[in-house]
Structures are given as structure tokens and as C-alpha cells.
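Reading through the C-alpha cells given below for one structure.
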Amino acid sequence: MNEILSRYLPRIEFDSYEDFYENYSCKSPDDFNFAYDVVDEWARLQPEKIALVWTNDEEEMKTFTFTDIKRLSDKAANALLALGIKKGDVVKLILKQRLGVWILMTALSKIGAICIPGTYQLTAKDLEYRCSVADVKLLITVEDKEILDNIALAKPNCPKLEKIAVIGKTIPGGYIDMKNEIEKASENFTRIPTVIKDPMLIYFSSGTTGLPKMVIHNHSLPLGHIVTAKYWHCAEDNGIHLTQTDSGWAKFAWGKIYGQWICGAAIGAYDTEKFTPKGMLDAIMRLKPVTFCAPATVFRYLIKEDLSGYDFSFIKHTSMAGEPLSPEVLSKLKELTGLEIREGFGQSETSVMAAVFKWLPIKPGSMGKPAPLFNLKLIDEDGEICDEGITGNMSITSAGKNMYEIADGEPEAMPPVIGNSDFPGLFRGYWRDKEVTEKAWKNGTYQTGDLAWRDDDGYLWFVGRNDDVIKCSGYRIGPFEVESALMEHPSVLECAVTAAPDAMRGQVVKATIVLARGYEASDELIKELQNHVKHVTAPYKYPRIIDFVNELPKTISGKIKRMDIRKKDFSGK
């Protein structure tokens with residue numbers, strides 16, 4: 001039996017989805033701290049247990065045990081304390097998938113500091129906004145000229161940013177050599193008391209509908225990701241789990257540290273400087289993960305490659321989240337690789353909210369059924385629960401499990417929303433933004449802003465964000481159903497469906513498309529695609545406007561920014 005998992009789950013195995021949904025529960029000790037109670041405990045219980053298997057574009061391979069992670073994170077915690085970082089301070093990390101990510105996230109948890117992971121794609125403007133609004137005290141980054149140039153541009157406008165540290169071989173003048181600070185620090189570290197309600201992690205929302213918000217989680221988040229890792233990813237004790245994502249994205253918390261280590265799995269890490277389908281495929285072959293998860297974009301690119309020389313038989317379970325995949329892509333992937341993808345759904349604000357859990361038959365294109373604890377419901381505009389087939393706002397209701405109260409407090413105070421620790425995995429509010437927090441939480445219910453409908457079997461089907469739904473001649477058209485139809489055509493590599501202004505209809509459907517290799521834009525192809533959509537889905541949903549582009553606008557986490565396309569069309573700029 002998994003010695004760590006059994007401490008938090010009164011019952012680990014379930015006979016069916018219904019059994020799981022009704023009877024799953026999770027203990028949340030008041031003093032729970034992932035770094036001490038999971039990482040350090042694995043090191044004590046099984047000193048040689050593998051925690052991380054790492055590779056890069058140069059095909060290097062490195063393996064680290066939990067004993068390695070404990071020792072290095074103890075040294076890093078002492079190094080952070082020596083740099084003046086204390087409990088409650090905010091530290092930003094931009095570390096790609098270097099070993100330092102796991103070491104420093106664990107170390108920050110140990111001292112009770114707040115970690116803000118960031119992607120290497122952040123611009124100077126992005127960095128200035130994030131460091132200023134969050135009062136970042138220390139920024140730790142990899143040795144990368146573009147990142148360092150952007151940091152240098154942002155620094156003068158970040159008054160609370162006291163120190164900048166770099167991990168690399170060549171450290172520019174004025175910056176701290178973080179690797180050296182860790183190496184010279186003592187291995188002896190005494191536990192610093194924390195409580196589960198202390199703030200631990202901030203993710204900036206992906207910003208598809210405006211400026212990113214600060215999503216704050218407390219120390220209960222790792223426990224929430226037990227459901228993610230154990231029952232959706234199906235991570236195995238001593239098996240390698242690979243979720244492909246940059247460390248700055250919330251998907252890292254979902255798939256590359258918390259739930260997987262609680263389950264006893266080893267993390268597979270592919271530290272790539274630039275994603276290529278060939279590089280990803282070769283890394284998979286080197287790491288040989290038992291379980292694999294990736295964003296939708298990765299799978300879209302993989303199926304366009306020649307996969308005949310690859311054997312994926314070592315992968316027992318495959319999953320995907322971030323954006324839905326069309327049934328055509330899912331079918332093609334199974335045909336080419338034998339892999340069946342189990343979709344899941346959630347946000348930076350949550351752990352997995354719904355998924356095709358291991359007991360459920362796959363319905364291509366469906367996000368599956370609700371996770372336990374969250375009491376996920378579809379709510380209409382009047383606050384009523386929607387019947388089958390009716391589109392509603394995906395909402396997490398309290399059901400007596402989590403009583404949230406928004407206190408007035410000081411503007412600079414720690415987050416005004418701190419939830420009950422028996423409801424792990426759910427964010428505790430938007431830090432320093434009471435108005436947005438109150439807007440998201442209505443009468444004890446968190447409204448995600450994502451629309452879906454439920455079929456007769458209880459499966460959920462994604463429609464789109466509230467702002468993405470197209471209103472054309474009295475019809476409400478979800479972008480995903482049109483995108484799914486378009487993705488069935490071999491010429492389409494990626495696409496985004498949005499509303500465009502129309503004098504007669506108010507709005508019409510527009511498709512912005514990236515073509516697959518071997519296809520060229522033409523009036524004939526536009527007509528072919530329009531007719532294709534008319535035959536695959538209801539004719540009124542076909543895109544009256546089709547625009548071919550080289551790439552789609554995306555957030556730094558890889559999600560398509562439909563808002564940018566829509567804003568440009570409606571502004572005429």
C-alpha cells in the first residue's frame with residue numbers, strides 16, 4: 001500500500017465512478033505542508049525512491065531520488081533565508097524545466113514563502129505588471145539572454161523587487177548566482193511551522209478575457225491534485241508520469257509535482273528550448289512514461305508526423321486538458337498510436353473539475369463527468385440547475401462543504417478569501433481584487449465562466465467561454481462545435497472560431513485557420529471548408545468568413561486568444 005497516499009485517503013480504491021463520486025474523501029491536516037509531509041517523508045520511508053527523470057534537447061538523462069530532492073531543497077531553503085526571504089514573502093520563478101523548479105518550489109513551501117511560477121515567454125511588460133501587482137521580492141530565473149533583457153527593462157518599474165538571482169553557467173554582473181548560494185548552504189534545516197490555510201502559490205490566469213488575475217492557492221492544493229493524479233492521470237507508484245508543460249503554467253501543478261509525488265510516481269521532465277513534434281516524440285521514447293498527459297496542441301501536431309517508427313506500448317494511460325480536442329483528432333491518434341485520450345477539465349483556479357475517469361467509457365469530445373467534492377453543476381442565467389441538453393455555466397457549489405466569506409480587510413492584506421481546508425484543490429480568491437472575487441463567487445457558488453451541457457448519461461460537453469459564444473440571427477453558437485467540424489478536414493492544423501460583426505445578422509461565424517503542410521489558401525478551399533461544416537454540423541453554424549493565418553494568437557500557456565481576434569474584428573483595427 002502507498003504509505004503516503006493512505007494517510008490522506010480513508011479509502012483509495014473504488015469499484016465504479018458512482019462509488020468514487022459518492023464515497024471519495026480526503027483528510028486535510030491543519031499543519032499539512034507538501035514539502036515536509038510528502039517529499040521529506042518519501043525520502044525517510046524509501047531513500048532510493050525515484051522522484052524525477054529528466055532529459056533535454058541534447059538527449060542528456062538525469063535521475064534524482066526523493067533523498068536528493070530533500071537534501072537540495074533543505075539547502076535551497078537555507079539559501080533563501082540567507083537572502084532575506086521569510087514566511088509570506090513573494091518569490092517569482094522563471095526556470096523552464098530545470099531541476100531548480102522542483103528544488104525551489106519545495107524549498108519555498110518549507111519556509112512558507114509564496115511562489116509565483118512564470119513562463120520564459122513573459123515580456124518586459126508582463127514582468128513589470130506581475131512583479132509590481134504581487135510585490136515580488138525575489139526573482140529567480142534561468143540564464144537566458146532574452147529573459148534577462150526583459151527583466152532589465154522591467155526592473156526600474158518594480159519597486160519591491162529587491163534581488164534577482166540566476167541559475168546558469170554565466171551569471172551577469174549584479175545578479176545573484178543561485179546555484180552557488182544553494183551549494184554553499186547548510187544541509188541542516190529545521191522545520192518552519194506553517195498551516196494549511198497559509199498562502200502557498202499564485203498563478204496568473206491565462207488572460208484570455210483581460211489582464212491576468214492573481215489566482216491564490218493555499219497549502220491544501222497538493223491534496224486536491226490527488227484526484228487529478230490518481231484517478232484521472234492514473235499515475236502509478238514507481239511509474240514515470242510525463243505531463244508536457246512549461247513550469248510557468250498551472251498545468252505544471254496539475255501534472256509535474258503535487259499529486260504525482262503523493263501517488264509515489266516519478267516525474268518525467270523534458271526540458272526543451274523550443275517545442276518540435278520530433279523532439280517531443282524522441283523524448284517520450286527516452287523517458288518511457290507509463291502515463292502521459294499533454295495540451296491539445298501537442299496532440300494536434302503529433303498526428304501530422306510520421307509515427308510509423310514509434311512504439312507507444314509502454315504508455316498505459318493518456319490524458320489531455322487545456323482545450324478540447326475534436327473527435328477526429330482523437331480518432332486519428334488512436335489509429336496511428338493505439339493511444340486513447342481521456343479528457344479532463346479544470347482551471348488555474350482548481351484541480352481537475354471533470355474528467356473521463358478510469359471507470360468511464362470514452363465519448364470522444366466529452367470532458368467526462370464531475371470530480372467528487374466540488375459538487376459541479378451547470379447553472380443558467382437565473383441561477384437554476386440546467387436540465388440535460390441545456391447549456392449552463394459550470395459552477396462549483398458549496399453544498400455545505402466550503403463556507404466562503406469575503407472579508408473587507410486592508411488592500412495589502414493577504415487574500416480575503418480563505419476556504420475551509422476540507423475542500424482541497426479550489427483557489428482561495430483573486431489576491432488583492434475583492435471586486436473580481438465577489439463577482440466570481442455568488443451566493444456561495446463559484447461560477448467558472450465556462451459553458452457546457454450535460455447529456456443523458458451525465459457526460460459534460462464543453463461549449464466555450466461565456467464571452468466566446470456567438471449570437472447569430474437569434475442562434476447561440478459555441479465555437480468548439482464549429483472548430484471540431486473544421487478539424488475533421490485534413491487541411492486544418494489549428495483553428496479558432498469567433499464572432500465577427502455583420503450589419504444584417506448582428507454577428508456571424510468566423511474561422512481563423514492555420515493550414516496543415518501541403519495545403520494553400522484559396523477561394524476553392526474556403527468553399528470546401530464551408531460545405532464540410534454544413535455537412536458535419538447544423539448548416540447555420542458554418543463560418544461565413546474564413547481567414548488563413550500562419551499562427552494563432554495564444555496566451556503564454558498556449559491557449560488560443562479568441563478575444564484578440566474578436567477585438568480586432570469589432571474595432572476594425
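As a basis for the values below, the full set of heavy atoms in this structure was taken, side chains included, without hydrogen atoms, waters or symmetry mates.
- Residues satisfying the salt bridge (charged side-chain N to carboxylate O under 4.0 Å, His left out) criterion with Glu13, sequence neighbours excluded, are Lys230, Lys358.
- Ser366 contributes a side-chain N or O that, together with a main-chain N or O of Gly368, makes up a donor-acceptor pair within less than 3.5 Å.
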Practice problem: Determine, step by step, whether His217 and Phe427 satisfy the side-chain contact (heavy atoms from CB on, under 4.5 Å) criterion, reporting the C-alpha distance in whole Å, the side-chain angles of both residues, the deciding distance to 0.1 Å, and the verdict. | Solution: CA-CA 5 Å; His217 288 276; Phe427 80 125; 3.6 Å; yes
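- Residues Val215 and Tyr430 are in side-chain contact: their nearest non-hydrogen atoms beyond the backbone lie under 4.5 Å apart.
- Heavy-atom minimum distance, Asp450 versus Thr448: N-OG1, 3.1 Å.
- In this structure, Leu552 and Thr512 have side chains that are in contact, with non-hydrogen atoms separated by less than 4.5 Å.
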Quiz item: Hey, mind stepping through Val90 and Trp431 against side-chain contact (heavy atoms from CB on, under 4.5 Å) and telling me if it holds?
Solution: CA-CA 12 Å; Val90 182; Trp431 192 27; 3.9 Å; yes
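- Of the possible donor and acceptor atoms, none in the side chain of Asn33 sits under 3.5 Å from a partner among the backbone N and O of His219.
- For the pair Phe34/Leu201, no side-chain contact is recorded, criterion being any heavy-atom separation below 4.5 Å from C-beta on.
- Partners of Phe20 by ring pair (Phe, Tyr, Trp, His ring centres under 6.0 Å), not counting sequence neighbours, listed by chain and number: Phe14, Tyr24, Tyr231, Phe357, Trp359.
- No donor-acceptor distance shorter than 3.5 angstrom exists from the side chain of His233 to the backbone of Ala235, with no hydrogens or angles considered.
- Contact check for Lys304 versus Pro277: no side-chain heavy atoms found under the 4.5 Å cut-off.
- At least one side-chain heavy atom of Ile103 sits under 4.5 Å from a side-chain heavy atom of Ile69.
- Not a single ring pair (Phe, Tyr, Trp, His ring centres under 6.0 Å) links Tyr120 to another residue, sequence neighbours left out.
- The shortest side-chain heavy-atom distance between Thr498 and Ile470 does not fall under the 4.5 Å cut-off.
- A pairwise comparison of heavy atoms in Ile262 and Pro222 identifies CD1-O, 3.4 Å as the closest pair.
- Atom CD in Gln447 sits 4.5 Å away from atom OG in Ser395 (nearest 0.5 Å).
- With a 4.5 Å cut-off on side-chain heavy atoms, Lys334 and Leu339 do not count as touching.
- Phe204 contributes atom CZ, which lies 13.5 Å from atom OG1 of Thr119 (distance to the nearest 0.5 angstrom).
- With values rounded to the nearest 0.5 angstrom, Ile216 atom CD1 is found 13.0 Å from Tyr203 atom OH.
- Proximity of the aromatic rings of Tyr8 and Phe32 is defined here by a centroid distance below 6.0 angstrom, and this criterion is met.
- The SG atom of Cys386 sits 4.5 Å away from the CG atom of Asp380 when rounded to the nearest 0.5 Å.
- Judged by distance alone, with hydrogens and angles left aside, the side-chain atoms of Thr228 form no donor-acceptor pair with the main-chain N or O of Ser351 at under 3.5 Å.
- Counting heavy atoms from C-beta on, the side chains of Ile116 and Arg130 never come closer than 4.5 Å.
- Residues Lys62 and Phe64 come closest through the heavy atom pair CB-CE1, 3.8 Å.
- A distance-only check finds a donor-acceptor pair linking the side chain of Arg286 to the backbone of Asn56 [under 3.5 Å].
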Exercise. Output, in order, the C-alpha distance, side-chain angles, deciding distance and verdict of side-chain contact (heavy atoms from CB on, under 4.5 Å) for Lys256 and Leu242.
Key: CA-CA 7 Å; Lys256 296 194 82 73; Leu242 172 60; 3.9 Å; yes
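- Using a distance-only test at 3.5 Å, with no hydrogens or angles considered, no donor-acceptor pair links the side chain of Lys541 to the main chain of Val533.
- Contacts of Lys439 classified as salt bridge (charged side-chain N to carboxylate O under 4.0 Å, His left out), with partners at least two apart in sequence or in another chain: none.
- Applying the 6.0 Å contact sphere to NZ of Lys288 captures more than 12 heavy atoms from other residues, nucleotides or ligands.
- Evaluation of the salt bridge (charged side-chain N to carboxylate O under 4.0 Å, His left out) rule for Lys316 yields Glu236 as partners, not counting sequence neighbours.
- Of the possible polar contacts, none joining the Thr318 side chain to the Phe292 backbone as a donor-acceptor pair under 3.5 Å is found.
- A distance of 9.0 Å separates CZ of Phe299 from CE of Met280, quoted to the nearest 0.5 Å.
- Residue pairs that meet the ring pair (Phe, Tyr, Trp, His ring centres under 6.0 Å) test with at least one member in residues 333-355, sequence neighbours left out, are Phe345-Phe462.
- Using modelled atom types, no side-chain atom of Trp42 and backbone atom of Ile50 make a donor-acceptor pair closer than 3.5 Å.
- With hydrogens and angles ignored, the 3.5 Å screen pairs no side-chain donor or acceptor of Glu388 with any backbone N or O of Asp456.
- In this structure, Asp15 has no side chain to side chain donor-acceptor pair (under 3.5 Å) partners at least two apart in sequence or on a different chain.
- Evaluation of the side chain to side chain donor-acceptor pair (under 3.5 Å) rule for Tyr446 yields Gln347 as partners, not counting sequence neighbours.
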Practice problem: Apply side-chain contact (heavy atoms from CB on, under 4.5 Å) to Val549 and Val514, showing your working. | Solution: CA-CA 5 Å; Val549 298; Val514 177; 4.0 Å; yes
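- Taking both residues in full, the closest heavy atoms of Ala354 and Leu460 are given as CB-CD1, 4.0 Å, listed atom of the first, atom of the second, then distance.
- Applying the side chain to side chain donor-acceptor pair (under 3.5 Å) criterion to Thr291, with sequence neighbours excluded, gives His241.
- Ion pairing between Lys363 and Asp457 holds under the 4.0 Å rule for side-chain N and carboxylate O.
- Classified by interplanar angle (parallel below 30°, tilted 30° to 60°, perpendicular above 60°), the ring pair Trp102/Phe252 is tilted.
- Qualifying side chain to side chain donor-acceptor pair (under 3.5 Å) partners for Lys92, counting only residues two or more places apart in sequence or in other chains: none.
- Judged as a salt bridge (charged side-chain N to carboxylate O under 4.0 Å, His left out), the pairs with a partner in residues 486-496 (not counting sequence neighbours) are, in order, Arg300-Glu494, Glu494-Lys554.
- A salt bridge links Lys278 with Asp282: the distance from a Lys NZ or Arg NE/NH1/NH2 to an Asp or Glu carboxylate oxygen falls below 4.0 Å.
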Name the atoms and distances for all side-chain donor-acceptor pairs under 3.5 Å in residues 264-275, with sequence neighbours left out.
{"residue": "Tyr270", "atom": "OH", "partner": "Asp57", "partner atom": "OD1", "Å": "2.7"}
{"residue": "Asp271", "atom": "OD1", "partner": "Gln97", "partner atom": "N", "Å": "3.3"}
{"residue": "Asp271", "atom": "OD1", "partner": "Arg98", "partner atom": "NH1", "Å": "3.0"}
{"residue": "Asp271", "atom": "OD2", "partner": "Arg98", "partner atom": "NH1", "Å": "2.6"}
{"residue": "Thr272", "atom": "OG1", "partner": "Asp57", "partner atom": "OD1", "Å": "3.1"}
{"residue": "Thr272", "atom": "OG1", "partner": "Asp57", "partner atom": "OD2", "Å": "3.3"}
{"residue": "Thr272", "atom": "OG1", "partner": "Lys274", "partner atom": "N", "Å": "3.2"}
{"residue": "Thr272", "atom": "OG1", "partner": "Lys274", "partner atom": "O", "Å": "3.0"}
{"residue": "Glu273", "atom": "OE1", "partner": "Lys96", "partner atom": "NZ", "Å": "2.6"}
{"residue": "Glu273", "atom": "OE2", "partner": "Arg98", "partner atom": "NH1", "Å": "3.4"}
{"residue": "Glu273", "atom": "OE2", "partner": "Arg98", "partner atom": "NH2", "Å": "3.2"}

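- The backbone N or O of Ala485 lies less than 3.5 Å from a partner atom in the side chain of His532, making a donor-acceptor pair.
- For the atom pair CZ of Phe312 and CG of Leu302, the computed distance is 7.0 Å after rounding to the nearest 0.5 Å.
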